[in-house]
Amino acid sequence: MCTGKICFIIPPHILEALAKQGNISCKKALNDTRRILSKRNEALNNLLLRPRAERDGERFVYDSQGQYEQRVSLQRTEEDKPSGDVVVNEAFETSGFVRDYFENTFGLNSMDNMGMPVISNVHYGKAYNNAYWDGDEMTYGDGDGIEFKNFASAIDVVAHELTHGVTQFMANLEYKGQPGALNEHFSDVFATIVKQKYLEQNIEEADWLIGDTIVTSAFPGIAIRSMKEPGSANEFDRQPAHMDNYYSGSDDHYGVHINSGIPNRAFYLCCVKIGIEQCALVWYHTLKKLWRTSNFQDMVDVILDVTQKLSSEGRISDNATDAVSRSFNSVGLETQLV
Amino acid sequence: MKYKVIVDGGFTGIRRTYEGDVSLDEEERKILLSALRESHLPTKPPLNDGEQYSWFLENDDDIIEAIFDEQNHPPALRKFLEQIKADQ
């Protein structure tokens with residue numbers, strides 16, 4: 001027996017099949033479902049068609065319902081009450097926290113500084129051990145529950161993915177080799193900064209780990225990456241902490257998640273010297289000045305220029321340039337102070 | 001049918017290899033081989049944190065191989081990979 005109440009939680013294709021068999025209650029539910037879906041799609045389309053300046057990074061969380069598809073079922077927007085799905089709510093909250101961090105700290109209006117919607121897809125695929133940024137939106141798997149879990153609930157994972165969006169609209173670093181490793185580096189940098197803010201930790205209390213909450217006890221390691229000690233987070237961790245161990249193979253788009261360990265370690269060393277707030281400012285303004293094919297040496301040159309400028313404007317401490325320079329020297333990258 | 005799949009990249013950056021031998025009926029074998037022969041030239045730049053899938057399937061005495069990105073990984077191969085993972 002199909003009651004109206006039950007029919008509302010039944011997928012549309014089943015409702016359709018039952019409606020075709022003459023079930024009135026299912027037919028009504030199907031019509032209501034379609035009407036609601038159409039209204040929501042219309043609302044989203046109207047929002048996307050609004051002039052860019054009027055947007056302010058509204059959040060949309062979709063449920064992929066275990067399919068390898070995005071935007072399957074809209075579950076929560078700024079106007080909605082919390083969903084019954086905890087993952088939807090966590091994706092909503094964490095993406096809002098990251099968006100607000102960039103706005104409150106740097107005045108950035110969403111990832112493109114034009115208020116683009118912050119769209120998340122959760123429950124993507126089956127036992128999918130990944131999260132990614134596709135140029136427009138974020139997508140999260142649930143993990144296999146054996147080694148990985150809860151990608152969408154992890155503040156550092158969400159910050160990492162959302163920062164890929166910020167990078168895309170600033171430096172648009174191409175996703176291979178050293179520019180790709182820098183792309184990954186900036187995502188790990190702001191994942192670390194946002195995570196420490198979210199957990200209200202200072203740099204002594206912080207663990208400097210990325211992805212510690214998405215691994216289970218069966219996973220052979222404590223996290224995915226370590227900013228403090230690249231290469232030590234798990235038994236598969238191939239990140240070098242110094243240019244002497246630079247990976248020059250073709251795996252992983254020529255090592256984008258591997259060689260990012262080198263600037264990651266420099267970031268950690270610099271935070272210890274001048275604090276994470278000053279580093280956040282320096283790294284953010286550096287990202288704004290990089291370009292699509294920037295390599296490690298380009299970044300070092302730019303970051304020194306940026307640091308000197310911020311220091312001369314009194315926005316960071318006088319010793320910041322020396323601290324940045326020493327940090328990059330420590331990982332084998334030469335610096336030339338002008 | 002002997003298979004080998006290497007999953008590389010992704011947020012975790014962890015490279016995983018799945019290798020084995022499965023018994024498939026003719027229809028299943030045809031679907032997999034056909035998926036592997038689909039055009040797999042990337043039409044878009046790689047996704048940030050997207051995974052890369054390198055497939056090697058043995059057909060008679062040949063080894064057919066193809067590499068796919070997250071965006072163009074054929075559903076039939078995705079499903080087969082899901083099954084491989086579930087069986088491990």
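Lettering follows sequence order; numbering is per chain, from 1.
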Peer 1: Top residue by heavy-atom pair count (under 4.5 Å) with chain B, among A/V256, A/N129, A/I258, A/V157?
Peer 2: A/V157
Peer 1: Given the rule in the side chain to side chain contact (heavy atoms under 4.5 Å, CB included) test, do A/Y68 and B/E70 qualify, once you have shown the distances and angles that lead to the verdict?
Peer 2: CA-CA 10 Å; A/Y68 293 94; B/E70 193 80 59; 5.8 Å; no
Peer 1: Go through the atoms of A/E147 and report whether side chain, backbone, both or neither lie under 4.5 Å from a heavy atom of chain B.
Peer 2: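 Only the side chain of A/E147 comes within 4.5 Å of chain B.
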Peer 1: Is B/E51 in contact with chain A via its backbone, its side chain, both, or neither, using a 4.5 Å heavy-atom distance?
Peer 2: both
Peer 1: What part of A/D134 is in contact with chain B, defined as an atom under 4.5 angstrom from a non-hydrogen atom: side chain, backbone, both or neither?
Peer 2: both
Peer 1: Can you say whether A/I146 sits under 4.5 Å from chain B via the side chain, the backbone, both, or neither, judging by heavy atoms?
Peer 2: neither
Peer 1: Is a side-chain donor-acceptor pair under 3.5 Å present for A/H253 with B/D8?
Peer 2: no
Peer 1: Evaluate B/K85 against A/K126 for side chain to side chain contact (heavy atoms under 4.5 Å, CB included), listing each step before the verdict.
Peer 2: CA-CA 11 Å; B/K85 286 179 177 176; A/K126 288 189 175 58; over 6 Å; no
Peer 1: Side chain of A/H257, backbone of B/G9: donor and acceptor closer than 3.5 Å?
Peer 2: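 Not at all, since once roles are kept as given, no pair shorter than 3.5 Å links the two residues.
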Peer 1: Heavy-atom pairs under 4.5 Å with chain B - which of A/Y132, A/W133, A/F236, A/Y175 has more of them than the others?
Peer 2: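 Result: the option with the highest number of such pairs is A/Y175.
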Peer 1: More than 12 heavy atoms of other residues, nucleotides or ligands under 6.0 Å from NZ of A/K149: yes or no?
Peer 2: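 Above 12, so yes.
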Peer 1: To check you understand the geometry: which heavy-atom pair defines the closest contact between A/R225 and B/T12, and what is its length?
Peer 2: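 For A/R225 versus B/T12, the nearest heavy atoms are NH1-O, 3.9 Å.
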Peer 1: Need one label for A/F219: side chain, backbone, both or neither, based on atoms under 4.5 Å from any heavy atom in chain B.
Peer 2: side chain
Peer 1: Could you grab the distance from atom CG of B/N48 to atom OG1 of A/T167, nearest 0.5 Å is fine?
Peer 2: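 Atom-to-atom, B/N48:CG and A/T167:OG1 are 8.0 Å apart.
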Peer 1: For side chain to side chain contact (heavy atoms under 4.5 Å, CB included), just list the numbers for B/D49 and A/E184, CA-CA rounded to whole Å, side-chain angles, deciding distance to a tenth of an Å, and then say yes or no.
Peer 2: CA-CA 9 Å; B/D49 294 323; A/E184 279 301 314; 2.9 Å; yes
